[in-house]
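Inspection log for the structure reproduced underneath, given as structure tokens.
Just so you know, these numbers use all the heavy atoms, side chains as well, and skip hydrogens, waters and symmetry mates. The sequence lines fix the lettering, A, B, ..., with proteins before strands; numbering per chain opens at 1.
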Amino acid sequence: MDATISELYTIIERGVAGERALIATLEKIQERYRYLPPEALVLASAWLGVPLSQVYSVATFYNAFSLVPKGKHCMSVCMGTACHVRGSPRILDWLETQLGIETGGTTRDRLFTLETVNCLGACALGPIIVTDGEYAGQMTAQKTNRLLKNLKRMEVKHG
Amino acid sequence: MVELRASSIPEVIEEHLAESGSAELTTTYVTVCGGTGCRIYGSDDVFEAFKQEFSRLNLNGEVDFSIKSTGCHGFCEQGPLVVIRPQEIMYVHIRPKDVPEIITKTILEGEVIERLLYIDPHTGEAIAKESEASFYKHQKRVVLDLNGLIDPFEIDEYIRAGGYKSLETVLTKMSPEDVIDEIKCSGLRGRGGAGFPTGLKWELCRQQPEDIKYVICNADEGDPGAYMDRSIMEGNPHRVLEGMAIGAYAIGAQQGYVYIRNEYPLAVRHLRQAIDQAQERGFLGKNLLNSDFDLNVNIKLGSGAFVCGEETALMASIEGRIGEPRPRPPYPSQSGLWGHPTNINNVKTWASVPIIINRGADWYANIGTENSKGTMIFSLVGNICNTGLVEVPLGVSMRELIFDIGGGIPNGKRFKAAQVGGPSGGCIPAEHIDVKIDYESLTSLGAIMGSGGLVVADEDTCMVDFARYFMEFTQEESCGKCVPCRLGTKAMLATLEQICAGQGRPGDIEYLVELGQEIRKSSLCGLGQTAPNPVLSTLRYFRDEYEAHIFEGTCPARVCKGLITYSVIPENCTGCMVCLRNCPENAISGVKQEVHVIDVDKCNRCGTCMSLCKFNAISVS
């Protein structure tokens, strides 16, 4: 984990309302580290006074939380109904083959994580891929190819 | 009932109006759609270009016009949208480079630029006025009326358009009972899907003797292909807050929560700003508008669990636990958040409240049908020409919605079915396209109103695969607490997957029906109780497609991978090597400028070759 304990101290507010603050706390940790480091869960449990088992159950229940570190670039394919009927499964298949990982996985070089999202509500632009918060709409295999190539080229250039 | 210090209240709004200038929206102004859809198309750059060009030409003081970034205009297919008001000149697909011309020609000289207008695809006619485009002409925008007019970031804009007047009326002139009666008379029913009468729900909560009560706005819009709630919160968050304040007053609640999806960053930002501004101005917080009534509203972010749209699961999530539903009764109105009486309504329901108070219950009850009053907002998506957000009076026909407003099916394809109500809903097939949409008619056809997601499927959509898609969704989102939902959806999904893979067996259809009916009856919450709907509904209308998969080994829509083969059409193939190079399985062989061949055994039917081929040389059978 690239977190220092002192940093966690600033994220987790001590002595706030127990289980009421649990989800918000985990959201903050997830936002900072892009996953939930085990140390953070233990600390959150101790400080909020919530059993570790409950922290774990909440952390594994919600899709927004991840217990494993993510890659440098996060690609998320929208699987909403509108995107589905416009061909998003094919885009996802294509990305899986190109990246050599299954959905939810991270490439070995830790550069890419491939995910799906239920619906982004921008259905006129389907199929949509979100890369690190940037939306790309009306995707085709060709456009996906270009997107991936650009990302890889940038990585080679800037590291 | 709370004691009111009524004398000082009317002045509060008067003061706001005096401070913020004119009470009318009359001068020329440009509205750039700033909804999530248009932003993805680049509307932020268009807005910036307007601001820059405006200051570059140094028009300040010379001409009387302003620029606004507004909420979603609804016509997402044509974004970025720019409308010049009050003339209502609508320009579509605007790029920053178009901006100087719009300012010099349209705004300064009043000339309409033809090439930027929307062209009606059926008549070929260029439409200059927003309200004359067929997409808008057939709508009745009541809840969405201000969406394209006001800047959602500025509370003054909402106040100038008459906002918070209803709250003022309620606090000065109405008792909580009066408010409940008014909502009851309006016939408003819950817009989250179930359609429970709102006034009655409020009354049940009001009647509880406890002191501490809560109101919750359910903005956990989880149905895939639906974005009505998001657009309201992005475009007019104050109206939702005003509705909540009126409801809280009627019920006697002091604390409100908006439970909103984390996947809607823009809506969250607008809502946060709106709460801060409303608090600053005394529309929320202590002593609302100088009365003795207090209401605080907080935002709770959903963490990506579909089941949290269910009210008891939603409350568990606010309390900081996993979002598992619990059996009802007790209903939230009796024992809700932390055991206190709680009233939960959907975004659209809350947003309808100030309108009903302002225009009167009779006015509202005049819109719609006998049992379904008012308007309904749908997001029209899928295989449809005009993807977008539409508001129509209840009782409008499906045909009007899909063909008049939605513009029909793109690429000359045939309409097959409309899926209403998302993963909990069902489909309306072509033979029922003239059905008048209301709560009861949709239920009788095996669909539900749901929260307003309407996905159109054309002839190329395989209904078995469509049902499999929804079952995969609900199975994935099942929280696992009750057995019928946890295991039942898994069993149904496995059967559907086998059918789609070409391994369906005789008896599968009967098995799906039996299992589906059991899951409906025995699941704990709405998620499980409605999960089989898409399957049962497609079985009702498209049984022949299931039979073709199982008994003939074919997928009539040529979608299911296990039942199709790709091949090269020799007369169209130019031998360009594009498919060959991009085939992930290396299943295509050939040399440059000679016809390629697909090895059926190696092919994984991903369809990449077909989507990449520029010469229509790949066929699927």
Side-chain angles (χ1 to χ4, degrees), chain A residues 17-27 30-31 48 50 54 57-65 76 78-87 89-94 96-98 100 116-126 128 130 133-138 140-142 144-145, chain B residues 36-37 39-41 76-79 221-227 230-231 262-265 300-306 308 317-324 379-383 387-388 419 422-423 453 455-458 460-461 466 469-470 473 477 479 582 584-585 604 606-608 611-612:
Chain A
E19 98 178 348
R20 261 181 219 212
L22 178 57
I23 294 179
T25 305
L26 295 185
E27 268 162 6
Q30 173 80 34
E31 200 182 307
L48 299 176
V50 177
Q54 193 182 338
S57 108
V58 168
T60 49
F61 184 84
Y62 294 103
N63 294 338
F65 303 128
S76 200
C78 180
M79 287 284 133
T81 325
C83 286
H84 179 87
V85 298
R86 290 185 182 197
R90 211 177 294 153
I91 304 286
L92 186 66
D93 274 357
W94 172 253
E96 282 185 339
T97 346
Q98 291 302 307
T116 57
V117 56
N118 277 343
C119 181
L120 297 156
C123 307
L125 293 113
I128 298 175
V130 189
E134 289 278 316
Y135 291 63
Q138 288 161 348
T140 56
Q142 276 146 314
T144 313
N145 222 4
Chain B
T36 294
R39 278 185 193 225
I40 301 172
Y41 285 125
C76 308
E77 196 73 47
Q78 300 291 326
E221 185 174 45
D223 281 7
Y227 56 102
R230 193 208 68 204
S231 292
N262 208 5
E263 287 89 337
Y264 287 170
K300 285 278 174 182
L301 288 182
S303 304
F306 177 68
C308 288
S317 180
I318 293 182
E319 289 170 8
R321 288 179 285 119
I322 58 172
E324 276 181 354
S379 58
L380 283 182
V381 303
N383 301 125
T387 293
Q419 167 81 16
V455 187
V456 178
D458 69 6
D460 289 343
T461 309
F466 205 43
Y469 163 80
F470 283 115
F473 179 87
E477 293 297 335
C479 78
N582 286 295
E585 301 294 322
N604 72 353
C606 67
T608 303
S611 61
L612 290 178

Under a 4.5 Å heavy-atom cutoff, which of B:Pro265, B:Ala226, B:Gly323 has the most pairs with chain A?
-> B:Gly323

Which atoms of A:Asp93 approach chain B - backbone, side chain, both or neither, heavy atom under 4.5 Å | side chain

Nearest heavy-atom approach of A:Leu120 to B:Tyr264 is O-CE2, 4.0 Å

Honestly, the part of B:Gln78 sitting under 4.5 Å from a heavy atom of chain A is neither

From CA spacing to verdict: side chain to side chain contact (heavy atoms under 4.5 Å, CB included), A:Asn118, B:Glu477 = CA-CA 10 Å; A:Asn118 277 343; B:Glu477 293 297 335; 3.0 Å; yes

Exercise: identify the closest heavy-atom pair between A:Leu22 and B:Gly320 | CD2-O, 3.9 Å

OG of B:Ser303 to CD of A:Gln30, rounded to nearest 0.5 Å, is 9.5 Å

Check: B:Asn582/A:Gln142 side-chain N/O donor and acceptor closer than 3.5 Å | no

Residues B:Ser611, A:Thr140; criterion side chain to side chain contact (heavy atoms under 4.5 Å, CB included); working and verdict | CA-CA 7 Å; B:Ser611 61; A:Thr140 56; 6.0 Å; no

So which of B:Asp460, B:Asn262, B:Asn604, B:Asn383 has the biggest tally of heavy-atom pairs under 4.5 Å with chain A?
-> B:Asn383

Contact part of B:Cys479 toward chain A, heavy-atom cut-off under 4.5 Å: side chain, backbone, both or neither?
-> both

Please report the closest heavy-atom contact between B:Gly382 and A:Ala82, naming both atoms and the distance.
-> N-CB, 3.9 Å

Can you name the residues that form a side-chain hydrogen bond (donor to acceptor under 3.5 Å, both in side chains) with A:Gln138, not counting sequence neighbours?
-> none

In terms of heavy-atom pairs under 4.5 Å with chain A, which of B:Glu221, B:Glu324, B:Lys300, B:Glu77 leads?
-> B:Glu77

Under 4.5 Å from a heavy atom of chain A, the part of B:Ala457 involved | neither

Please look at B:Ser317 and chain A and tell me whether the side chain, the backbone, both or neither of the residue comes under 4.5 angstrom of a heavy atom of that chain.
-> both

Ion pair present between A:Glu19 and B:Arg321, side-chain N to carboxylate O less than 4.0 angstrom?
-> yes

Using a 4.5 Å cut-off on heavy atoms from C-beta on, say whether the side chain of A:Tyr62 contacts that of B:Cys308.
-> yes

The reported gap from OG1 in B:Thr387 to CG in A:Leu125 (rounded to nearest 0.5 angstrom) is 9.0 Å

Turns out that what part of A:Val117 lies under 4.5 Å from chain B's heavy atoms comes down to side chain

What residue among A:Cys83, A:Cys78, A:Cys119 forms side chain to side chain contact (heavy atoms under 4.5 Å, CB included) with B:Pro224?
-> A:Cys119

Closest-packed option against chain B by number of heavy-atom pairs under 4.5 Å, given A:Val85, A:Asn63, A:Thr81, A:Thr97 | A:Thr81

Among B:Tyr469, B:Tyr41, B:Phe306, B:Phe473, the residue with the most heavy-atom pairs under 4.5 Å to chain A is B:Tyr469

Minimal non-hydrogen separation, A:Tyr135 against B:Ile40, with atom names = CD2-CD1, 3.1 Å

Does any non-hydrogen side-chain atom of A:Arg86 lie less than 4.5 Å from one of B:Val381?
-> no

Most contact-rich option vs chain A, by heavy-atom pairs under 4.5 angstrom, among B:Leu380, B:Leu301, B:Thr461, is B:Leu301

